[in-house]
Amino acid sequence: MDKIIAIQGVQGSFHHLVAQEYYHQEVEVLECMSFAELTKSLIKGEANEGVMAIENSIAGSILPNYALIDENNLKVVGEHYIPIDMNFMAMPGQKIENIKKVYSHPMALLQCKEFFKKHPHIKLIEDSDTAEVARRISEKGNTKVAAVASKAAAQLFGLEILAESIHTKKSNATRFLIISTKKKEPNGDKIDKASLKFELESKRGSLVSVLNILRDFNLDMTKIQSMPIIEFPWKYSFFIDVIFEDYAEFQKAMDILEVMTERLTILGTYKNSL
């Protein structure tokens, strides 16, 4: 039985491109119009694994997705990075000066803010997905409206690209997590990266003590993200990613952190894709 992969958005979206690249084949995808819907599809068993954006090199972290992974006890089983190429597209035969509105995902619009500063006559409207907007414009034949999406979406839905690569930083890239309800089973891949969540007592030096343990066991922290714990004002949980060479050293560090922290969760161990 082939895997079904849940993606946020529709075919032609960046999530769809990640699914194709990560699994090295044409995969069967389940289109979900929100990350919450994607999460539910995994819990219900409608999909085997899911592709979820977690951070962008320009716009930063997608904080609600950390909560979705943690609260639903999902496991990180892989990661994938892709360069993000944003394109301004509309029904064929139009010009930029005739476009009144542009619809796209809020993060896509944020990544292209310098382009839209040069075109103040265009109203920016946030929507659920880049490729879904392209599909909707195509199906309805809407004029004077545009989408910001991938070149694949323009080709798939027959739209004309009026401006290519409109994102502000040309080094723009997004990191995606591959998530599942089950932890990654050994399959021959080297496991050298982990995503963790922990909570600490509110006392001086507690975070520094954790960081010292990571250093002592040769774990290189590549990301740290704090999030408030809603039930306890001014108390925070920390999400971190670490890379390592020796899995046994990683496990020793986790045994110590289990004691040092109020709560430690290993969200997943997987292969570092950078």
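Only a predicted model underlies this, so the values are computations on that prediction, with no experimental measurement involved. Only this structure's heavy atoms are used, side chains among them; waters, hydrogens and symmetry mates stay out. Numbers here simply count residues along the sequence, with the first being 1.
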Cut-off 3.5 Å, no hydrogens considered: what does the side-chain donor-acceptor table look like for residues 97-110, sequence neighbours left out?
residue, atom, partner, partner atom, Å
S104, OG, V148, O, 2.8
H105, ND1, M107, N, 3.1

Legend entry - Pair F115 and F88, ring centroids less than 6.0 Å apart: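 Centroid distance F115-F88: below 6.0 Å, so yes.
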Contacts under 3.5 angstrom, residues 37-45 side chains, donor-acceptor by atom type, not counting sequence neighbours:
residue, atom, partner, partner atom, Å
E37, OE1, M33, N, 3.3
T39, OG1, F35, O, 3.0
S41, OG, L38, O, 2.6

Legend entry - NZ-OG distance between K197 and S237, expressed to the nearest 0.5 angstrom: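 The OG atom of S237 is 4.5 Å from NZ of K197, to the nearest 0.5 Å.
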Inset, instruction - Kindly determine whether E249 and K252 satisfy salt bridge (Lys or Arg N to Asp or Glu O under 4.0 Å), including the steps that lead there. - result: CA-CA 5 Å; E249 289 290 285; K252 289 177 184 177; 3.4 Å; yes
SB check [X] [Y] (cutoff 4.0 Å):
X	Y	answer
R263	E258	no
E262	K235	yes
K193	E79	yes
D127	R136	yes
E31	R135	yes
D241	R175	yes
K271	D192	no

Inset, instruction - Assign the ring pair H121 / H119 to parallel, tilted or perpendicular, where the plane angle (0 to 90°) is split at 30° and 60°. - result: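 Perpendicular: the ring planes of H121 and H119 meet at over 60°.
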Legend entry - Flag if over 12 foreign heavy atoms under 6.0 Å of CD, E245: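 Incorrect, the count does not exceed 12.
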Legend entry - Co-membership, hydrophobic cluster, residues L124 and I166, 4.5 Å side-chain: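 Yes; I166 is reachable from L124 via cluster members.
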Inset, instruction - Report whether L267 and F198 are members of the same hydrophobic cluster (ILVMFWY, side-chain heavy atoms less than 4.5 Å apart, transitive linking). - result: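 No, it is not one cluster - the side chains of L267 and F198 are not joined through contacts under 4.5 Å.
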